[in-house]
> 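There's a structure below that I have some questions on.
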Amino acid sequence: IQGKTGARNGDFAILYRSNTQSRPFELALRKAGRPYVVIGGQDFFERAEVRDIVAYLKVLANPRDEASLLRIINVPRRGVGDASLMAVHQRCKDAKASFNVGLRDALGAGELSRTAQQGVEEFLTVTDQHRRLFRADGPTLGENVRSLVDAIDYRDEVNRTSKNREQADFRWENVETVMKAVEQYEGEAENPTLHDFLDVSSLNGDEGRYSKEDRRQNAVTLQTIHSAKGLEYPFVFVAGVEEGLLPHDRSLKENSLDEERRLFYVAMTRAKRHLTLFEAHARVKHGRERMSVTSRFMKDIPAELITQHIYAARDMVEARVDPNKGQKKPRKKRTRRK
């Protein structure tokens, strides 16, 4: 669309019912090098659990990444306190060495407390071991990342630092999303490496890819339908037009179906020029793949206003659905319009 119309990034908005739906779009936009801004929710890559896993990957790729190392040296808790870190920092300053080298030197010189020494040894063991795995032939990149997450017992850390089971499950899904992103990259890349994954995903120094001004003035907008009220964009994409998402599951229990219908109307009328509605054929929920059901609200739209296509991402198969005959006819890719 952008190439054909001359539209800018800021002309596009992706709307969804729930903040959790932003994750795949943020991954895709980072991979494409497109600036984006999340409104009404937290950027997926700013969430603590996501930053922790990414920091581990950065340290494995670059042991001299001091900011990432300091973030994870005590995540999960290993008894490495501020006093120990200050001592290592001073040693690094005097010797003009990296923090990774300073940790090893302080450990060898016996300058750390018994608890801190044990914690540093544990940290260096797990990072050294997995750094070798990433550089060696054998297990896949995705397998190595999952092995790392298991080795540091990060699932237990998520459970420990969450307020309740619902929050813990949500945060763990975020961790799973990072691991699946690695696996997806590996399946697409010709010569997959950890360094390359961080680069193509804009996770390795991504803050320099585009300025705050770019984000503010010319970025794709990601936001919930609720937060989009009163706003308009030339091109709008509404994700998750499915039963359970729009309308949301809660609406049936709370007898608020009419409010959900109004939300759908709000979402569609945010588009000034072009509207695209998306539904997934299936979604993975609680580890199981479940077929999706088209939102009942789609029946309210006259059929002549809709151009429908089926798109299978894995093999790029597209087909037009003839509702009268129930047959699929190959055709050029088109999108639903207002």
Side-chain angles (χ1 to χ4, degrees), residues 30 45-154 157 175 178-179 181-183 185-186 189 191-209:
R30 280 176 173 257
F45 293 94
E46 292 300 317
R47 291 173 175 143
E49 59 276 9
V50 175
R51 294 180 66 186
D52 287 344
I53 301 304
V54 171
Y56 265 101
L57 298 183
K58 287 182 176 181
V59 168
L60 294 181
N62 177 18
R64 299 178 68 87
D65 188 335
E66 184 173 327
S68 296
L69 192 153
L70 286 172
R71 178 178 181 85
I72 60 173
I73 182 67
N74 209 34
V75 177
R77 292 186 297 186
R78 299 186 177 92
V80 185
D82 291 342
S84 297
L85 294 176
M86 287 298 295
V88 174
H89 182 75
Q90 187 60 48
R91 168 180 277 274
C92 295
K93 185 177 179 181
D94 295 340
K96 296 182 179 180
S98 69
F99 203 85
N100 183 61
V101 172
L103 275 177
R104 299 174 191 276
D105 290 346
L107 192 63
E111 296 177 353
L112 306 176
S113 67
R114 179 176 297 180
T115 301
Q117 179 173 329
Q118 182 177 349
V120 170
E121 287 177 344
E122 178 185 323
F123 174 77
L124 292 177
T125 297
V126 74
T127 52
D128 286 350
Q129 176 186 358
H130 284 83
R131 189 175 294 114
R132 288 193 295 269
L133 287 175
F134 278 109
R135 293 174 177 172
D137 294 331
T140 67
L141 206 60
E143 289 172 341
N144 285 338
V145 173
R146 290 187 178 274
S147 172
L148 169 68
V149 173
D150 289 341
I152 62 176
D153 292 325
Y154 198 75
E157 175 69 3
V175 176
V178 177
M179 295 190 288
V182 175
E183 294 167 349
Y185 154 79
E186 188 171 28
N191 296 301
T193 66
L194 180 58
H195 285 87
D196 189 53
F197 166 72
L198 293 170
D199 284 339
V200 300
S201 303
S202 298
L203 297 175
N204 205 358
D206 59 285
E207 62 279 356
R209 290 295 180 102

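Numbers for residues simply follow the sequence, beginning at 1. Predicted model, so just to flag it, every value in this text is computed and none were measured.
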> So, taking the atom named CG in L103 and the one named CD in E111, what distance separates them when rounded to the nearest 0.5 Å?
11.5 Å
> At what distance, to the nearest 0.5 angstrom, does CG of D196 lie from CG of N191?
8.5 Å
> For the residue pair V88 and A106, what are the closest heavy atoms and their distance?
CG2-CB, 4.0 Å
> Return the CD to OG1 distance between E183 and T140, rounded to the nearest 0.5 Å.
7.0 Å
> Taking only residues at least two apart or on different chains, which pairs with a member in residues 68-90 satisfy salt bridge (charged side-chain N to carboxylate O under 4.0 Å, His left out)?
D52-R71, R78-E122
> Closer than 3.5 angstrom, by distance alone: can the side chain of Y185 be matched with the main-chain N or O of T193 as a donor-acceptor pair?
yes
> Hey, are the side chains of Y56 and H130 touching, using non-hydrogen atoms and a 4.5 Å cut-off?
no
> Is any side-chain heavy atom of V80 closer than 4.5 Å to one of L112?
no
> Can you confirm whether I72 sits close enough to F123 that some side-chain heavy atom of one is under 4.5 Å from a side-chain heavy atom of the other?
yes
> So do L148 and Y154 actually touch side chain to side chain, heavy atoms under 4.5 Å?
no
> Are any non-hydrogen side-chain atoms of V101 and C92 less than 4.5 angstrom apart?
no
> Using atom types as modelled and distance alone, determine if a side-chain donor or acceptor of R131 lies under 3.5 Å from a backbone N or O of L60.
yes
> Over all heavy atoms of both residues, which pair between P192 and A189 is shortest? Give the atoms and the distance, please.
CD-O, 3.8 Å
> Using the rule given for side-chain contact (heavy atoms from CB on, under 4.5 Å), can you reason through D128 versus R104, listing the C-alpha separation, both sets of side-chain angles and the distance that settles it, and then say yes or no?
CA-CA 12 Å; D128 286 350; R104 299 174 191 276; 2.7 Å; yes
> As an exercise, state the distance from CG of N62 to CG of L57, rounded to the nearest 0.5 Å.
12.5 Å
> Work out which heavy atom in V126 is nearest to a heavy atom in A151; give both atom names and the distance.
CG2-CB, 3.7 Å
> So which heavy atom on G79 is nearest to which on N74, and how close?
N-OD1, 3.2 Å
> How far does CG of L194 sit from CD of E186, to the nearest 0.5 angstrom?
11.0 Å
> Grab the two heavy atoms, one from E46 and one from R51, that are nearest each other, plus how far apart they are.
O-CD, 3.5 Å
> Determine whether I73 and F99 make a side-chain contact, defined as any pair of heavy atoms from C-beta on separated by less than 4.5 Å.
no
> Are the side chain of T125 and the backbone of E121 linked by a donor-acceptor contact shorter than 3.5 Å?
yes
> Less than 4.0 angstrom from a charged side-chain N to a carboxylate O is my criterion; do D94 and R91 meet it?
no
> Taking the side chain as every heavy atom from C-beta outward, state whether E157 and I152 have any pair of such atoms under 4.5 Å apart.
no
> If you round to the nearest 0.5 Å, how far is CD of E66 from CG of N100?
10.5 Å
> Return yes if some donor-acceptor pair links the side-chain N/O of H89 with the main-chain N/O of L85 below 3.5 Å, else return no.
no
